[in-house]
K.L.:
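Sharing a structure with you now.
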Amino acid sequence: MNEKLKVGILGGTGMVGQRFISLLENHPWFEVTTIAASSRSAGNTYEEAVGGRWKMTSPMPEAVKKLVVMNVNEVEAVASKVDFVFSAVDMTKDEIKKIEEAYAKAETPVVSNNSAHRWTPDVPMVVPEINPEHMRVIDFQRKRLGTERGFVAVKPNCSIQSYAPVLTAWKEFEPYEVVATTYQAISGAGKTFQDWPEMEGNIIPYIGGEEEKSEKEPLRIWGSIQDGVIVPAESPVITCQCIRVPVLNGHTAAVFVKFRKKPSKEQLIEKLRGFSGEPQRLQLPSAPRQFIQYLEEDNRPQVTLDVDYERGMGISVGRLREDSVYDFKFIGLSHNTVRGAAGGAILCAELLKAQGYIGKR
């Protein structure tokens, strides 16, 4: 590729926006040329707008420090400068729906980290290794919007990344009932321990809206395109509890599964280690080479040891064993702001480029 695509980050000053910017530094296909945020930040350089609120462990990339932040609500002005945008805006759900569709209607593809459009019937919600074919619903969405190149695509909730890929790898054994409890890092709320000190040594047994997303979003990912919309799958039935724990990065899931066709433990591990998809076949820049790793040790996966597996884009699984009530149980771990947020969206954009949905304006 001779010339990189020009990328805008909507909501670039927040934690997920910062993660986008850090992950896109030196990306072979994409270059951040525009950052947009609220009117409070607009007119300042990115360095000034973020101030002391840079939350990444790596330093702010030099290339973005002097970019002047634009007003995210000035859609035509922002859209005119980029080939596509990533969305990490912090607004109400209705405001997010409206502004993301406005960018799409301004002929600017939107790859969103937000939940607002996850249930819009003709918006693809994609984990690239699981349901890359859902991107085809964009053709129907463009007809509805009256656009030639503009559309909205989204990635699913961070909480499901540690178990939905695992269940996908086991699809041929027909999992039909799943109980999952997720132990979710504070960065999932856009926080660090510095700005949420009451989380140190604490657990909060409630995360608003998270249990519904964790139970329903996998079914949409496993669904199919029918008459121009995504129709969710009907099984497996998933019930979930979501707990906030004193960890900075990394969502852990404890999962119990019943199968219609009961496999052996060895078969399940073989399926995990052999599981790959379009990102691996296409060798997309952000794709993990080995999507899921299985760890034999009884005390793995651990956040401190395993959250950065495959640069945070891989899934770690361990403690797979037979259960006395369900068929099997396991522990899964994923990086919530890399695979679960910005990194997952970047991989979606790479897939969209490979499929021809994103290109030069």
K.L.:
Rounded to the nearest 0.5 Å, what separates atom CD in Q184 from atom OG in S334?
P.N.:
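So the CD of Q184 and the OG of S334 are separated by 9.0 Å.
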K.L.:
So does E200 get a backbone contact from the side chain of W196, meaning a donor-acceptor N/O pair under 3.5 Å?
P.N.:
no
K.L.:
Please check if the number of heavy atoms outside D227 that lie under 6.0 Å from its CG is greater than 12.
P.N.:
no
K.L.:
What do you reckon, is CD of Q241 surrounded by more than 12 foreign heavy atoms closer than 6.0 Å?
P.N.:
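For Q241, atom CD is not crowded (no more than 12 foreign heavy atoms under 6.0 Å).
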K.L.:
Taking ring pair (Phe, Tyr, Trp, His ring centres under 6.0 Å) as the cut-off, I'd like each qualifying pair that reaches into residues 314-333, sequence neighbours left out, listed once.
P.N.:
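Non-adjacent pairs meeting ring pair (Phe, Tyr, Trp, His ring centres under 6.0 Å): W170-F330.
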K.L.:
Would you say S22 and S58 are linked by a side-chain donor-acceptor pair, where the criterion is simply a distance under 3.5 Å?
P.N.:
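Judged by distance alone, the side chains do not pair up.
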K.L.:
Do we see a donor-acceptor contact under 3.5 Å between the side chains of N157 and E210?
P.N.:
yes
K.L.:
Examine the side chains of T45 and E47 and answer whether a donor and an acceptor come within less than 3.5 Å of each other.
P.N.:
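Absent: no donor and acceptor within the cut-off.
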K.L.:
Under 3.5 Å, is there a donor-acceptor pair between the H27 and E350 side chains?
P.N.:
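Note: H27 and E350 side chains meet the donor-acceptor criterion.
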K.L.:
What pairs meet the side chain to side chain donor-acceptor pair (under 3.5 Å) rule with one or both residues in residues 78-91, with sequence neighbours excluded?
P.N.:
D83-K360, S87-E100, S87-N114
K.L.:
Ignoring hydrogens and geometry beyond distance, is a side-chain donor-acceptor pair present between N249 and S187 at under 3.5 Å?
P.N.:
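There is such a pair (donor and acceptor under 3.5 Å, judged by atom type) between the side chains of N249 and S187.
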K.L.:
Can you tell me how far CG of L24 sits from CZ of R19, rounded to the nearest 0.5 angstrom?
P.N.:
12.0 Å
K.L.:
Does K6, at its NZ atom, have more than 12 non-hydrogen atoms belonging to other residues, nucleotides or ligands within less than 6.0 Å?
P.N.:
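No, because the 6.0 Å sphere around NZ of K6 holds 12 heavy atoms or fewer from other groups.
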K.L.:
Side chains of T92 and E95: any donor to acceptor distance under 3.5 Å?
P.N.:
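Side-chain D/A pair, E95 to T92: present.
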K.L.:
Go through the side-chain N and O atoms of E129 and Q280 and say whether any donor and acceptor fall under 3.5 Å apart.
P.N.:
yes
K.L.:
Which residue pairs pass the ring pair (Phe, Tyr, Trp, His ring centres under 6.0 Å) test with at least one member in residues 63-114, sequence neighbours excluded?
P.N.:
F20-F86, F30-F84, F84-F86
K.L.:
To the closest 0.5 Å, what do you measure between CZ (R244) and CD1 (I204)?
P.N.:
8.0 Å
K.L.:
Under the criterion side chain to side chain contact (heavy atoms under 4.5 Å, CB included), which of L5, T108, V7 is the partner of V82?
P.N.:
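The single option meeting the side chain to side chain contact (heavy atoms under 4.5 Å, CB included) with V82 is T108.
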K.L.:
For the residue pair Q194 / T192, report whether a side-chain donor-acceptor contact shorter than 3.5 Å exists.
P.N.:
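Result is no, nothing qualifies.
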